[in-house]
Trainee: 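The following block contains the structure, expressed as structure tokens.
Residue numbers run from 1 in the order of the sequence given.
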Amino acid sequence: MDEPRGEGDPHKVLFLVVAGIVATALSGCSFEIPLHLPSVPPGSGYTARPGPRTVGGESAKSGAHQEFVYGRPAVVRWWTLFHSPRLDALVIQAMRHSPTLAAARAQLREAQANMAVNASIFYPQVTGSLGASRNKTSGASFGGRFPGMTYSLFTGGIAVSYYPDVFGVNRLIYQGSRAQMEYQRDELDAAYVTLAANVVNAAIGEASTQAQIGAAKKILKQERTLLKLTQAQYTAGAAPYLNVLAQRGQVLATEANLAPLQQQQAIYRHQMAILAGVFPSEWRKKPFTVAEIHLPARIPVALPSALVRHRPDIRAAAQQMRYAIAQVGVARAQFFPTVTLSASFGTSALSTGEFFNPLSRVWGIAAALAQPLFEGGRLRAQEKVAYAAFDSTFALYRGVVLNAFRQVADALRAVEHDAAEVRVQTQSVQVARQALELARAGYRSGFTDYLALLGAEVTYENARMALIRANALRYQDTTALFLALGEGDWGTRPAAAVLKTGSRKTVVKGPGGGRAARRKSGRQGPGP
């Protein structure tokens with residue numbers, strides 16, 4: 001009769017360990033905490049009172065017309081709504097050569113590689129080895145005084161180790177790295193949209209400054225003509241010398257105003273060069289003009305629920321929360337055992353002739369379980385750190401969402417108020433032009449004194465400059481609205497951002513693939 005096996009039987013112990021591992025794995029144990037994103041206001045509103053529906057365009061004196069279409073999907077290539085082929089080409093050039101985008105793409109590739117590294121933990125690790133050594137032993141090692149032994153040892157084999165994901169730790173680590181990869185992808189998306197907005201703003205600023213310089217030069221020419229006329233009147237005794245000095249001072253003041261405008265134009269040109277990835281000394285493209293940039297007539301405004309899904313910085317903040325959740329799970333799992341399974345098979349021989357002899361074979365199978373018993377509070381502190389990090393990312397996400405809604409609300413009101421300002425400034429220019437024409441006619445005929453003419457001239461100059469600046473601000477605030485809405489949903493296109501330019505349309509492949517056809521929109525009168 002066979003004797004019963006004792007409690008210390010290694011086969012029984014190994015069986016119990018494996019059974020416990022399987023039972024725990026099948027139980028679906030997970031240390032993740034649920035993620036509940038903060039809710040957003042329902043409906044389509046971003047402001048306390050209803051947002052604008054249409055602005056401008058009521059009459060010839062009210063500026064260009066714009067319509068806001070709420071609930072429409074995002075426009076991928078929103079800058080094409082300005083209907084400027086040169087601007088489209090500049091944006092594409094910037095996306096191809098921007099060092100900022102190049103850095104963002106490299107960071108995405110780095111995150112993808114890190115995710116692949118963490119994905120390898122799901123698979124067994126197999127290592128092959130082959131070695132040869134010449135050894136001499138001392139007899140003293142065996143407690144005797146006989147001579148040592150010299151021998152050769154040839155070894156070779158394969159070792160396999162595996163870390164079963166009993167408590168889902170490996171999966172949590174992988175999910176954390178995936179969240180980091182998605183975060184870098186969203187950061188790349190944000191870099192695309194921001195770069196496009198910077199290019200458009202620089203082009204609008206250059207066109208506006210160019211128009212102001214042209215207006216200032218035209219006024220300077222008129223003032224010099226008026227200075228000659230005033231000098232002739234003084235020579236004829238029809239005007240005091242004070243009028244000559246006053247007009248000469250006005251000419252000098254206008255000349256002085258040109259320098260800051262020219263400096264601002266140079267800044268815009270240097271900015272466009274850097275955005276396009278070239279040195280300022282290599283930027284020789286002709287300046288943008290107000291006639292080649294047109295105000296978008298229809299502006300799609302995404303719903304708040306769509307904004308939190310499409311705006312890149314909001315998506316990036318959500319990925320940071322998912323990474324923090326994975327870290328919480330990893331910290332909680334540290335309190336539980338870790339299991340390691342390993343096996344090895346090989347050969348160990350004293351000569352090469354015996355290397356493949358079955359008697360030289362060696363093998364081993366092992367299962368190890370490690371359970372933390374006392375860590376001095378380290379594990380509990382790590383868990384608190386992970387929870388605090390999650391609370392921080394949750395608060396930051398709420399801040400990003402609130403700030404995004406504020407930016408949309410600000411931009412909507414800004415475009416609305418810009419249209420009102422353009423309407424007033426347009427009417428002011430027309431009134432000032434009529435007053436200046438009457439003043440000039442009266443001055444030539446002798447019915448109007450010089451001071452009245454000078455005042456009309458200054459008023460007209462200021463009105464024209466104010467209108468140019470108001471138009472430029474309206475264009476730039478429209479750009480800010482597109483940027484705030486997160487338009488340009490690159491998340492569904494490839495990360496490589498393959499950009500191609502056709503003869504009639506521009507094809508953009510951002511992170512995820514697919515073509516975006518040029519959207520049709522009504523063209524509005526000259527630019528800023």
Side-chain angles (χ1 to χ4, degrees), residues 61 63-64 84 86-87 200-231 243-273 280 283-295 418 421-441 443-444 448 450-477 525-528:
K61 300 180 181 180
S84 173
R86 278 217 305 144
L87 180 59
V200 173
N201 274 330
I204 293 172
E206 183 186 49
S208 172
T209 307
Q210 181 77 4
Q212 293 181 62
I213 291 175
K217 288 182 176 180
K218 185 176 180 181
I219 293 173
L220 180 61
K221 180 179 179 181
Q222 295 172 347
E223 288 180 347
R224 285 173 176 168
T225 302
L226 187 58
L227 175 60
K228 293 179 180 180
L229 179 60
T230 306
Q231 288 174 337
N243 288 7
V244 177
L245 294 178
Q247 182 60 29
R248 185 174 296 166
Q250 185 63 31
V251 171
L252 294 175
T254 303
E255 289 178 344
N257 290 334
L258 274 174
L261 292 173
Q262 291 168 340
Q263 172 62 18
Q264 186 61 51
Q265 185 186 41
I267 291 175
Y268 281 126
R269 292 187 63 78
H270 299 163
Q271 180 183 3
M272 283 190 290
W283 192 254
R284 295 181 174 84
K285 296 183 180 295
K286 67 177 183 179
F288 280 90
T289 62
V290 297
E292 59 181 322
I293 303 178
H294 307 272
L295 192 67
D418 291 341
E421 182 181 359
V422 168
R423 179 175 63 252
V424 174
Q425 293 295 347
T426 301
Q427 296 172 358
S428 177
V429 167
Q430 293 176 347
V431 172
R433 182 186 295 114
Q434 294 175 359
L436 180 58
E437 292 174 354
L438 292 175
R440 284 174 176 169
Y443 184 74
R444 291 189 182 96
T448 303
Y450 174 76
L451 292 179
L453 176 59
L454 183 60
E457 186 178 79
V458 172
T459 300
Y460 177 68
E461 175 187 354
N462 291 334
R464 288 194 64 189
M465 293 293 187
L467 178 59
I468 294 173
R469 288 191 293 267
N471 269 315
L473 186 60
R474 186 180 180 187
Y475 277 61
Q476 290 175 335
D477 284 336

Trainee: Starting from the C-alpha separation in whole Å, work towards a yes-or-no answer on side chain to side chain contact (heavy atoms under 4.5 Å, CB included) for Val290 and Tyr475.
Mentor: CA-CA 11 Å; Val290 297; Tyr475 277 61; over 6 Å; no

Trainee: Quick one: side-chain hydrogen bond (donor to acceptor under 3.5 Å, both in side chains) partners of Glu457, sequence neighbours excluded?
Mentor: none

Trainee: Minimum heavy-atom separation for Phe288 to Leu87, with atom names?
Mentor: CE2-N, 3.7 Å

Trainee: Restricting to side-chain contact (heavy atoms from CB on, under 4.5 Å), what partner residues turn up for Gln264, sequence neighbours left out?
Mentor: Thr209, Ile267, Tyr268

Trainee: Go through it in stages, so that I can follow the logic: the residues are Gln250 and Thr254, the test is side chain to side chain contact (heavy atoms under 4.5 Å, CB included), and I'd like the CA-CA distance, side-chain angles, deciding distance and then a yes or no.
Mentor: CA-CA 6 Å; Gln250 185 63 31; Thr254 303; 3.9 Å; yes

Trainee: Take Val429 and Gln425 through the side chain to side chain contact (heavy atoms under 4.5 Å, CB included) test and state the conclusion after the steps.
Mentor: CA-CA 6 Å; Val429 167; Gln425 293 295 347; 5.5 Å; no

Trainee: Do Glu421 and Arg474 touch side chain to side chain, with heavy atoms closer than 4.5 Å?
Mentor: no

Trainee: Taking side chain to side chain donor-acceptor pair (under 3.5 Å) as the cut-off, I'd like each qualifying pair that reaches into residues 212-221, sequence neighbours left out, listed once.
Mentor: Ser208-Gln212

Trainee: Restricting to side-chain hydrogen bond (donor to acceptor under 3.5 Å, both in side chains), what partner residues turn up for Arg269, sequence neighbours left out?
Mentor: Glu206

Trainee: For Asn201, what residues pass the side-chain contact (heavy atoms from CB on, under 4.5 Å) criterion, not counting sequence neighbours?
Mentor: Gln476, Thr479

Trainee: Sequence neighbours excluded, which residues qualify as salt bridge (Lys or Arg N to Asp or Glu O under 4.0 Å) partners of Arg444?
Mentor: none

Trainee: Among residues at least two apart in sequence or on other chains, which ones pass side-chain contact (heavy atoms from CB on, under 4.5 Å) with Ala273?
Mentor: Val278, Trp283

Trainee: Tell me, please, which residues at least two apart from Thr459 pass side-chain contact (heavy atoms from CB on, under 4.5 Å).
Mentor: Ala432

Trainee: I need the minimum non-hydrogen distance between Ala456 and Ala435, along with the two atoms involved.
Mentor: CB-O, 4.2 Å

Trainee: Looking only at non-hydrogen atoms, find the nearest pair between Leu258 and Ala216 and report the distance.
Mentor: CD2-CB, 3.6 Å

Trainee: For Asn471 and Asp418: C-alpha separation, side-chain torsions, deciding distance, then whether side chain to side chain contact (heavy atoms under 4.5 Å, CB included) applies.
Mentor: CA-CA 8 Å; Asn471 269 315; Asp418 291 341; over 6 Å; no

Trainee: Nearest 0.5 Å, please: how far is OG1 in Thr230 from CG in Leu245?
Mentor: 11.0 Å

Trainee: Output all residues satisfying side-chain hydrogen bond (donor to acceptor under 3.5 Å, both in side chains) with Arg224, sequence neighbours left out; order by chain, then residue number.
Mentor: Glu255

Trainee: State which residues pass salt bridge (Lys or Arg N to Asp or Glu O under 4.0 Å) with Glu437; sequence neighbours excluded, sorted by chain then number.
Mentor: none

Trainee: Which heavy atom of Leu227 sits nearest to which heavy atom of Gln247, and what is that distance?
Mentor: CA-CG, 3.6 Å

Trainee: Arg86: which residues meet the side-chain hydrogen bond (donor to acceptor under 3.5 Å, both in side chains) condition with it, sequence neighbours left out?
Mentor: Glu292

Trainee: Do Gln265 and Leu261 touch side chain to side chain, with heavy atoms closer than 4.5 Å?
Mentor: no

Trainee: Taking all non-hydrogen atoms of both residues into account, name the closest pair between Ala215 and Ile468 and its distance.
Mentor: CB-CD1, 4.2 Å

